[in-house]
Amino acid sequence: MKYDFDQVISRKNTNCAKWDAVKTIFGSEDVIPMWVADMDFPTAQPIVDALKNRAEHPFYGYTQAGPGVVKAVVDRMKRKYNWKIKPEWVVFSPGVVTAISAAIKSLTHTGDEIILQEPVYYPFFSCVKNNGCQIITNQLKFKDNQYEMDFADLESKFKPQGGMHFGSSRIRAIVLCNPHNPVGRVWGQEDLIKLGKIVIGNGATVISDEIHCELLMKGYQHTPFASISKEFEQNSIVCMAPSKTFNLAGLSTSSIIIPNKKLRDGFQETGMTHGINLFGVTALEAAYRYGDEWLEQLLDYLQGNLDFTMKYFKEKIPRIKPVPLQGTYLLWLDCRGLGMTDKALSSFMKEKAKVGFDDGVMFGLGGSGFERMNIACPRPILREALQRIEIAVNNLKKG
Ligand SMILES: Cc1ncc(COP(=O)(O)O)c(C=O)c1O
């Protein structure tokens with residue numbers, strides 16, 4: 001079956017966070033929303049069929065993920081990454097953010113520390129703070145238009161500081177984001193191994209958010225953190241979901257893979273991930289079993305959107321420099337060439353260009369001067385957004 005990703009379908013008046021909150025968030029109805037990470041494409045037909053079929057049976061009570069659902073997750077890990085996981089390692093959570101919060105709760109006491117690699121997906125900040133923990137920042141390095149992890153800095157975070165004795169670090173975990181939102185890096189095996197050795201070697205756990213792992217640009221490959229070695233497997237919590245890949249975020253279902261029984265029990269004992277969404281597990285199973293034809297076409301289309309956008313900025317808006325995207329559909333725009341304060345940049349995008357981005361400063365350290373643009377929309381919408389930015393930037397020159 002051939003899917004038409006160029007087709008523009010209105011999402012207005014459908015309780016849609018992206019389109020129905022435009023005025024509230026950006027102050028005007030005529031802003032093109034390109035912020036929250038979902039796509040303006042209908043999902044794969046086999047998922048729609050499975051949901052319709054399930055809806056026909058008018059019992060929507062408490063749900064459990066049956067063996068078919070769990071097997072769909074197990075089979076996908078094997079098929080995509082040759083990672084052999086056991087069914088009992090898989091637990092379900094309404095969302096990955098909830099799961100990260102539960103993981104932190106299960107691993108910490110008040111006052112403990114969690115490492116984040118800023119700039120990073122901003123809900124991580126509240127996951128740490130709401131559990132009474134402190135954020136330790138291991139900021140990513142931006143060099144030659146590319147982001148890298150700073151391993152020397154990471155290592156230094158575990159070293160005794162300010163009168164602390166060796167072994168008294170209160171760092172309990174790092175939240176790894178792979179692929180990384182917002183900078184779009186797909187971390188390679190070498191990076192993951194270095195990170196794992198430092199973090200696990202110092203007695204902390206890796207909470208690996210891999211929600212974007214199937215949204216990869218051409219030539220990139222994902223490695224689940226825990227698949228690297230038995231040691232990594234036993235000291236990590238891997239968060240996966242079909243929600244970004246198949247555009248199912250409203251169905252609140254993610255699968256969390258925790259091979260270590262003690263970590264898994266601790267995670268479940270938080271009680272935070274209680275309750276499974278009936279339609280979510282139905283969609284997950286259909287997506288993982290029958291969604292690949294759609295996904296292949298989607299990835300081609302997203303690559304086309306990326307190529308189109310990179311060329312457009314280069315040729316027509318050279319003062320804004322997108323960071324090359326390896327994974328996710330979230331493009332990180334270096335807008336420092338516009339020479340604006342963050343406040344002015346934010347107003348410029350929404351009020352002059354009329355595009356609704358997430359401001360870089362929301363993502364913490366290293367976000368100043370950047371904007372995050374969601375390019376997962378039909379090309380006519382993308383073109384319109386780029387034209388708006390081009391005109392607004394050109395008007396700046398005149399002004
Ligand atoms: C890195 C990352 N993690 C988690 C989420 C949200 O996950 P969920 O909706 O399952 O809580 C997002 C959504 O944008 C994300 O980008």
Side-chain angles (χ1 to χ4, degrees), residues 15-18 21 25 33-40 43 65 73 90-105 114-128 130 140 147 173-187 206-216 222 224-225 237-257 267 270 272-277 279-281 283-284 287 302 325-332 356-360 362-364 367 370 372-377:
N15 298 315
C16 165
K18 193 179 192 179
I25 296 174
M34 305 180 101
W35 59 288
V36 71
D38 76 16
M39 305 189 272
D40 293 325
T43 194
V73 177
V90 184
V91 293
F92 290 87
S93 163
V96 164
V97 171
T98 311
I100 290 171
S101 214
I104 292 174
K105 190 180 177 65
I114 302 290
I115 298 178
L116 300 181
Q117 296 181 303
E118 299 177 35
V120 78
Y121 178 58
Y122 44 87
F124 289 177
F125 303 136
S126 32
C127 289
V128 177
N130 293 346
L140 297 177
Y147 282 86
I174 185 169
V175 184
L176 167 69
C177 195
N178 186 30
H180 191 99
N181 172 8
V183 309
R185 270 299 312 263
V186 175
W187 303 115
V206 176
I207 302 168
S208 189
D209 178 343
E210 304 185 10
I211 195 168
H212 294 278
C213 66
E214 298 207 42
L215 296 163
L216 304 179
H222 177 74
F225 178 81
I237 292 176
V238 176
C239 306
M240 298 265 182
S243 51
K244 298 288 165 214
T245 318
F246 295 97
N247 214 23
L248 304 170
L251 297 179
S252 298
T253 299
S254 56
S255 46
I256 315 303
I257 304 170
F267 178 89
T270 64
M272 290 167 69
T273 54
H274 173 80
I276 289 185
N277 185 304
F279 290 102
V281 290
L284 179 150
L302 287 178
L325 188 70
Q326 302 181 347
T328 82
Y329 44 70
L330 305 164
L331 194 58
W332 188 232
F357 294 160
D358 268 352
D359 296 330
M362 297 164 76
F363 299 85
F370 287 77
R372 194 194 71 176
M373 174 186 194
N374 179 342
I375 60 164
C377 59

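One-based numbering, in listed order, for ligands and for the atoms of each.
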Asker: Using heavy-atom distances, let me know which of I100, V96, T328, D209 sits nearest atom 2 (C) of ligand 1.
Answerer: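 Going through I100, V96, T328, D209 one by one, D209 has the nearest heavy atom to atom 2 (C) of ligand 1.
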
Asker: Can you tell me if C177 contacts ligand 1 (heavy atom of the residue under 4.0 Å from the ligand)?
Answerer: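 Under 4.0 Å: yes for C177.
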
Asker: Would you say the side chains of H222 and E214 form a donor-acceptor pair under 3.5 Å?
Answerer: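 There is no such pair between these side chains.
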
Asker: Atom 11 (O) of ligand 1: which protein heavy atom is closest, and how many Å away?
Answerer: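 Of the protein heavy atoms, V97 N, 3.0 Å lies nearest.
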
Asker: Would a distance-only check, ignoring hydrogens and angles, find a side-chain to backbone donor-acceptor pair under 3.5 Å from D358 to R372?
Answerer: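 Absent.
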
Asker: Does any N/O atom on N181 come nearer than 3.5 Å to any N/O atom on ligand 1?
Answerer: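 Yes, there is a polar N/O contact under 3.5 Å.
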
Asker: Mark whether atom 16 (O) of ligand 1 lies under 4.0 angstrom from at least one protein heavy atom.
Answerer: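 Yes, there is a protein heavy atom closer to it than 4.0 Å.
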
Asker: Has Y329 got a side-chain atom pairing as donor or acceptor with A37's backbone, closer than 3.5 angstrom?
Answerer: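 Checked: pair present.
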
Asker: Start with the C-alpha gap between N178 and R185, add the side-chain angles, then the distance that decides, and say whether side chain to side chain donor-acceptor pair (under 3.5 Å) holds.
Answerer: CA-CA 7 Å; N178 186 30; R185 270 299 312 263; over 6 Å; no

Asker: Centre-to-centre under 6.0 Å for W35 and F357, is that the case here?
Answerer: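 W35 vs F357: aromatic centres not under 6.0 Å.
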
Asker: Ring centres under 6.0 Å, that's the criterion: do F124 and Y121 meet it?
Answerer: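 So the answer is yes for these two rings.
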
Asker: Please check if the distance between the ring centroids of F225 and W187 is under 6.0 Å.
Answerer: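 F225 vs W187: aromatic centres not under 6.0 Å.
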
Asker: Measure the distance from atom 7 (O) of ligand 1 to every protein heavy atom, then report the residue, atom name and distance (to 0.1 Å) of the closest one.
Answerer: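 Protein heavy atom at minimum distance: I211 CD1, 3.3 Å.
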
Asker: Considering only heavy atoms of A37, which atoms of ligand 1 have at least one such atom less than 4.0 Å away?
Answerer: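 Those of ligand 1 that fall under 4.0 Å from A37 are 14 (O).
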
Asker: Mind checking whether S243 has an N or O less than 3.5 Å away from an N or O of ligand 1?
Answerer: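 No: no nitrogen or oxygen of S243 is under 3.5 Å from one in ligand 1.
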
Asker: Write out the residue and atom name of the closest protein heavy atom to atom 13 (C) of ligand 1, then the distance separating them to 0.1 Å.
Answerer: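 Checking every protein heavy atom, the shortest distance to atom 13 (C) of ligand 1 gives K244 NZ, 2.7 Å.
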
Asker: Does NZ belonging to K18 count more than 12 external heavy atoms closer than 6.0 Å?
Answerer: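 Buried by this count: over 12 neighbours within 6.0 Å.
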
Asker: Of all the non-hydrogen atoms in the protein, which one sits nearest to atom 5 (C) of ligand 1, and at what distance?
Answerer: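 Among all protein heavy atoms, the one nearest atom 5 (C) of ligand 1 is Y121 OH, 3.3 Å.
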
Asker: Is the closest heavy-atom distance from H180 to ligand 1 below 4.0 Å?
Answerer: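 Contact absent.
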
